[in-house]
Amino acid sequence: MSIAPFNASTYLSDRNTANLVGLKSRLDTLTNQLASGKTATTYGGLGAGRTTSLSAHAALSALDGYDAAINGATTRVALANASVTQINTLGDSLQRSLNASNTSTQANTAKIASNSLDAAIDALNVDAAGQYIFGGRATDSPPVAPADTILNGDPAAGLAGLKVLIAEQKAADLGSGQGRVAAAPPVGSTVTVSEEGADAAGMETRANFGFRLVSATSSNPTAIKASATAGGTPADVSVTLAEVPKEGDRIRVTLNQPDGTQTFKDYTIKASAADNDPDALRPDVAEAELNKRFGTDLEKNFGGATVAGIQGPERLGITATFANGTPASLTLAVGATPAAGDTVTVTVGMRDGTTQTLTLTAKANADAASATEFSMVGDAPTIAKNLSNAVNNALKGAATTTLAASSASRASQDFFAGSQSAGLAPRRVNESQTGYVEAASTGTVIWYTGDDTASDPRATATAQVSANRVLNIGVQANEAPIRAVLAGLAVMAADGGTTGTAGTVDALRFRALAERSQTLLASDTAQGGVPGIASDLGLAASTLANTKSENRTNRVALENSLDGVDNIPAETVTAQLLQLQTQLQASYQVTSMLSKLNLVNYLS
């Protein structure tokens, strides 16, 4: 930097020139302000207001990002809500059809269910800007397989579909034809009705397949005494693993609940798992912990449930050994000739928690093929033989109707409980039909290929909608309420096509299947069911709308704060500009006059 020399003789003219330059610069500034409406073109030009401007612009930029996230999330939530509503509507529609169905309309039920399944899958495969919504964190491909693949499998890939699983389950439950329960030839005048098998294979079979004997009653105990014998105790189950599991392996244990239903308990192998983690096991103690939880701690942890099976990745070589259990049995002892109209009722249970009562009525001229009557003619051993025959007929009839419907329903639920995670594929009946294969099948269609590792489906997708608010907006097609509706639709599509006139085996089986399908479809109206998912999404949509409104209010406040800093009113600039123009014009005139001043002009 240099210092200009001072010349007293030119000071006045230099000073006037500097003033003119300053006024001209101020004129240029005001002209730019009038044209742009802005106080300055740089933050430095704002002076003390620069801090306010920087802060406000940063907040406005953040609001732009939040609004963009809200707009994207709003579209996603709206599409998800529409799909969930569609699932709800399809389930409700089939329920009404099943309620109103009769012999003439039953033939269309399978087609209606198949069309509904197609529509439900289309709804679950919806995408937003190329991202599939119902796959959780996996958004790059449709999460649900086509309906035809679900029902019929993929023969080219060697994958079985739901229809194969239903056929396997029916055969396993049916056994030799009576649901794995039979009335033995009477000993004297006593009929014994027993569950199948007392060996290890029989224990596993009883834990999974066929009828359970529940009770027997007699309307005339003097003539026929009905009672339960000792037995019916579940087997002790021990688990062995061929190798130590690895981080991320998943193991599924099947439990028989006290109410007769079966349920799954899934465990993930985690090195960081605590000793008492209810959902995870450490790899080094997995085998011991499984045997503890399903042995000594079974009552404490699972409230009376019993182990029915276990499966996991084939690499683990999981084996479940059944021992010490005893089959349940009932006795029907004939003591005297029953009167016409006397009844004996045997109640059997199924693995879906339902029961069936088999009522046999004494008649003088009963048909030997009847499943509802037995002959009261003859001595006590003869009556016992007639009663034994009638019980077996009743069991056969129930096995081909109610039990077959239960089998189809269970197979459908098992299929939709399957996952692509190794160890959690849909369970399959083993070749000997004594239980389920312990190594997860690689030959079964996996209907859902999205993310299945999150404990909370909503947390699989998030939107940052404000500085301190992150909204969970994720959904998954394999959420339990959606699975239930899909299972209800699919079981009718796969197994609801065979009908018959009223009273026939086909008609009775169809009605039993329809009742179970309706129970599954009830998830579209049950509290916490599909409407629960819709409620979550509705709440998210409301939060998005409210947050956007709040952001709009904040934006207005921030923009108002900038009006006195970044922006300048045109009226103010115009007034200042006119004033400056007047000053500048006067200065020019004075300068011009002074520039012409000399002694001659001065004296003149």
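If you're wondering where the values come from, they're calculated on a predicted model, not measured in any experiment.
- Within the 4.5 Å cutoff, the side chain of N392 has heavy atoms near those of the S388 side chain.
- Closest of all the heavy-atom pairs between T361 and G341 is CG2-CA, 3.8 Å.
- In this structure, the side chain of R483 engages the main chain of N478 through a donor-acceptor pair within 3.5 Å.
- Here the side chain of S535 pairs no donor or acceptor atom with the backbone of P531 at under 3.5 angstrom.
- When atom types are taken as modelled, the side chain of S83 and the backbone of L79 share a donor-acceptor pair closer than 3.5 angstrom.
- By the 6.0 Å contact criterion, NZ on K170 is enclosed, its count of non-hydrogen atoms from other residues, nucleotides or ligands being greater than 12.
- Contact detail for Q420 and T449: the closest heavy-atom pair is NE2-O, 3.0 Å.
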| Worked verdict on R410 versus Q262 for side-chain contact (heavy atoms from CB on, under 4.5 Å) | CA-CA 9 Å; R410 288 178 61 207; Q262 281 195 337; 3.1 Å; yes

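- For Q169 and D173, the side-chain atoms include at least one donor-acceptor pair closer than 3.5 Å.
- In this structure, CG in N108 is found 12.5 Å from OG in S114, a value given to the nearest 0.5 Å.
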| Criterion side-chain contact (heavy atoms from CB on, under 4.5 Å) on L358 and V344, from CA distance to verdict | CA-CA 8 Å; L358 310 175; V344 172; over 6 Å; no

| message | side-chain contact (heavy atoms from CB on, under 4.5 Å), that's the test. Do V348 and L213 meet it? Break it down for me. | response | CA-CA 5 Å; V348 293; L213 283 176; 4.0 Å; yes

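- Between the OG atom of S406 and the CZ atom of R516 there is a distance of 5.0 Å, given to the nearest 0.5 Å.
- With values rounded to the nearest 0.5 angstrom, S421 atom OG is found 12.5 Å from I251 atom CD1.
- For the pair R252 and F264, the cation-pi criterion (under 6.0 Å, within 45° of the ring axis) is fulfilled.
- Taking the side chain as every heavy atom from C-beta outward, K265 and D279 approach each other to under 4.5 Å.
- In this structure, a donor-acceptor pair under 3.5 Å is absent between the side chains of R427 and T444.
- Checked by atom type and distance alone, the side chain of E438 pairs as donor or acceptor with a backbone atom of A320 at under 3.5 Å.
- Side-chain contact between V307 and T254 is absent, with no heavy atoms from C-beta onward closer than 4.5 Å.
- Donor-acceptor pairing under 3.5 Å is lacking for the side chains of Q413 and D352.
- Judged purely by distance below 3.5 Å, without hydrogens or angles, the side chains of T434 and T205 never pair a donor atom with an acceptor atom.
- Here D495 pairs with R509 in a salt bridge; the nearest charged N to carboxylate O distance falls below 4.0 Å.
- In terms of the side-chain hydrogen bond (donor to acceptor under 3.5 Å, both in side chains) criterion, N81 has no residue partners (sequence neighbours excluded).
- Between the side chain of N546 and the main chain of S542, a donor-acceptor pair closer than 3.5 Å is present.
- Taking the charged nitrogens against the carboxylate oxygens, R458 and E479 do have a contact shorter than 4.0 Å, which makes a salt bridge.
- Considering D122, L94, L486, I112 in turn, L486 is the only one that fulfils the side chain to side chain contact (heavy atoms under 4.5 Å, CB included) rule with L117.
- R212 is linked by a side-chain hydrogen bond (donor to acceptor under 3.5 Å, both in side chains) to nothing, counting only residues two or more places apart in sequence or in another chain.
- Scored by the ring pair (Phe, Tyr, Trp, His ring centres under 6.0 Å) test, F209 finds Y436 as partners (sequence neighbours excluded).
- Across all non-hydrogen atoms, the minimal contact from N256 to A308 is ND2-CB, 3.7 Å.
- Note on ring orientation: taking the six-membered ring where Trp is involved, the planes of Y267 and F294 are perpendicular (angle over 60°, cut-offs 30° and 60°).
- Inter-residue side-chain proximity for N393 and S370 is flagged as unmet; no heavy-atom pair is nearer than 4.5 Å.
- A side-chain donor from one of N430 and S432 sits under 3.5 Å from a side-chain acceptor of the other.
- Between V485 and L90, every side-chain heavy-atom pair lies at or beyond the 4.5 Å cut-off.
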| task | Test T233 against T326 for side-chain hydrogen bond (donor to acceptor under 3.5 Å, both in side chains), laying out the working first. | result | CA-CA 5 Å; T233 58; T326 57; 2.6 Å; yes

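- Distance check: T401 OG1 to K396 NZ gives 14.0 Å after rounding to the nearest 0.5 Å.
- Under the 3.5 Å distance criterion, the side-chain polar atoms of Q476 are left unmatched by any main-chain donor or acceptor of D456.
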Could you tabulate the donor-acceptor pairs under 3.5 Å formed by side-chain atoms of residues 126-150, not counting sequence neighbours?
unit_1, atom_1, unit_2, atom_2, d
D127, OD2, G130, N, 3.1
R137, NH1, D451, OD2, 3.2
D148, OD1, N152, ND2, 2.7

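- Remark: K225 NZ is loosely packed, at most 12 non-hydrogen atoms of other residues, nucleotides or ligands lying under 6.0 Å away.
- Side chain of S441 to main chain of V437: no donor-acceptor pair is present (N/O by atom type, distance under 3.5 Å, no hydrogens or angles).
- Note that OG of S215 and CG of L330 are 7.5 Å apart. Values are rounded to the nearest 0.5 Å.
- Judged by distance alone, with hydrogens and angles left aside, the side-chain atoms of S407 form a donor-acceptor pair with the main-chain N or O of L403 at under 3.5 Å.
- M492 contributes atom CE, which lies 5.0 Å from atom CG of L98 (distance to the nearest 0.5 angstrom).
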| field | Test side-chain contact (heavy atoms from CB on, under 4.5 Å) applied to V475 and T460, step by step | value | CA-CA 7 Å; V475 283; T460 58; over 6 Å; no

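- Contact check for N389 versus F374: no side-chain heavy atoms found under the 4.5 Å cut-off.
- For T331, the side-chain hydrogen bond (donor to acceptor under 3.5 Å, both in side chains) partners at least two apart in sequence or on another chain are S227.
- Residues T462 and N472 have side chains that never bring a donor and an acceptor to within less than 3.5 angstrom of each other.
- With E204 contributing its side chain and F322 its backbone, the two residues share no donor-acceptor pair below 3.5 Å.
- Within the 4.5 Å cutoff, side-chain heavy atoms of L165 are placed close to those of R428.
- D506 and T504 share no side-chain donor-acceptor pair at under 3.5 Å.
- Using a 4.5 Å heavy-atom cutoff, the side chains of L387 and L360 are in contact.
- N386 contributes a side-chain N or O that, together with a main-chain N or O of S375, makes up a donor-acceptor pair within less than 3.5 Å.
- Partners of T402 by side-chain hydrogen bond (donor to acceptor under 3.5 Å, both in side chains), not counting sequence neighbours, listed by chain and number: Q356.
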